[in-house]
Amino acid sequence: MYCGYCGRLDHRCACSEANSAAASFLSRGGRAFQPRWQASPYKRAVPPQVKRRERAILKRNYRSWYADVAGKSGARCANCGADEDLVLDHVLPIAKGGRSTLDNLQLLCAACNRIKGKLAIDCRSFRHPE
Ligand SMILES: [Zn+2]
Ligand SMILES: [Zn+2]
């Protein structure tokens, strides 16, 4: 079976290994966004021109999308609740076929964003105490 977060075969995946950064990230309750790499529209890797295009779209809309996401879910990291160093993160990463659209974005702090890397994790569903 395939890991729901990274899309690798279970035995090659380290997502839920005890004490790993990804495991502590996942323990907060983020759910797999798109369960399988196989669901991606691309057979192998996302073509570089698609990556460039999606990054450019994000860059162009960054300020207004940031304001939109922060207005809807609060200016906090969707994973840990931190309110500093926030960045827009692709729930389904571009590298896994994700697009730069408002409904594929969440706010993460820089630290959580680094841990999440290319995993497909939706943290938007939980609430943090103010
Ligand atoms: Zn995994
Ligand atoms: Zn965080």
Side-chain angles (χ1 to χ4, degrees):
M1 280 294 105
Y2 296 95
C3 168
Y5 301 101
C6 66
R8 280 188 282 260
L9 284 166
D10 275 349
H11 66 273
R12 292 201 203 146
C13 147
C15 288
S16 33
E17 245 166 46
N19 304 320
S20 76
S24 69
F25 193 107
L26 296 171
S27 72
R28 296 179 201 269
R31 59 192 174 78
F33 181 69
Q34 191 166 341
R36 286 172 198 184
W37 170 240
Q38 276 59 25
S40 152
Y42 310 105
K43 281 254 185 305
R44 284 154 185 270
V46 175
Q49 66 271 24
V50 173
K51 289 189 190 170
R52 269 200 302 277
R53 185 191 68 205
E54 295 303 322
R55 285 199 204 100
I57 293 172
L58 179 66
K59 205 171 167 195
R60 208 179 316 130
N61 295 284
Y62 200 91
R63 287 163 67 98
S64 79
W65 283 352
Y66 187 103
D68 200 299
V69 175
K72 264 188 284 196
S73 12
R76 293 180 166 274
C77 172
N79 184 53
C80 74
D83 57 6
E84 286 180 337
D85 286 332
L86 301 174
V87 292
L88 282 177
D89 168 69
H90 289 90
V91 174
L92 180 67
I94 292 174
K96 298 215 158 143
R99 309 282 302 274
S100 289
T101 54
L102 201 44
D103 63 359
N104 189 35
L105 295 171
Q106 60 189 346
L107 279 179
L108 290 183
C109 70
C112 286
N113 189 45
R114 240 184 336 268
I115 297 166
K116 179 174 174 289
K118 289 180 180 170
L119 303 179
I121 307 172
D122 190 347
C123 305
R124 295 171 296 190
S125 46
F126 27 106
R127 296 268 166 275
H128 297 281
E130 291 300 316

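Order of listing sets the numbers, starting from 1, for every ligand and every atom in it. Here the structure is a predicted model, which means the values were calculated and not measured.
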Measuring only between side-chain heavy atoms, which start at C-beta, is [X] closer than 4.5 Å to [Y]?
| X | Y | value |
| --- | --- | --- |
| Leu9 | Tyr2 | yes |
| Asp68 | Lys72 | yes |
| Leu107 | Leu88 | yes |

(message) Just checking Glu84: does its CD atom have more than 12 heavy atoms from other residues, nucleotides or ligands closer to it than 6.0 angstrom?
(response) no
(request) With the Zn ion (ligand 1) at the centre, find the angle made by SG from Cys13 and SG from Cys6, to 10°. (result)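 It comes to 120°.
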(message) How large, to 10°, is the angle at the Zn ion (ligand 1) when you draw lines to SG on Cys15 and to SG on Cys3?
(response)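 Cys15 SG and Cys3 SG form an angle of 110° at the Zn ion (ligand 1).
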(request) Measure from the side-chain N and O atoms of Glu54 to the backbone N and O of Ser100, and report whether any donor-acceptor pair falls under 3.5 Å. (result) yes
(message) Given a threshold of 2.8 Å, state how many protein N/O/S atoms are nearer than that to the Zn ion (ligand 2).
(response) 4
(message) Which heavy atom of Cys15 sits nearest to which heavy atom of Cys3, and what is that distance?
(response) SG-SG, 3.8 Å
(message) Within this structure, what is the NZ-NE2 distance for the pair Lys118 and His90, rounded to the nearest 0.5 Å?
(response) 13.0 Å
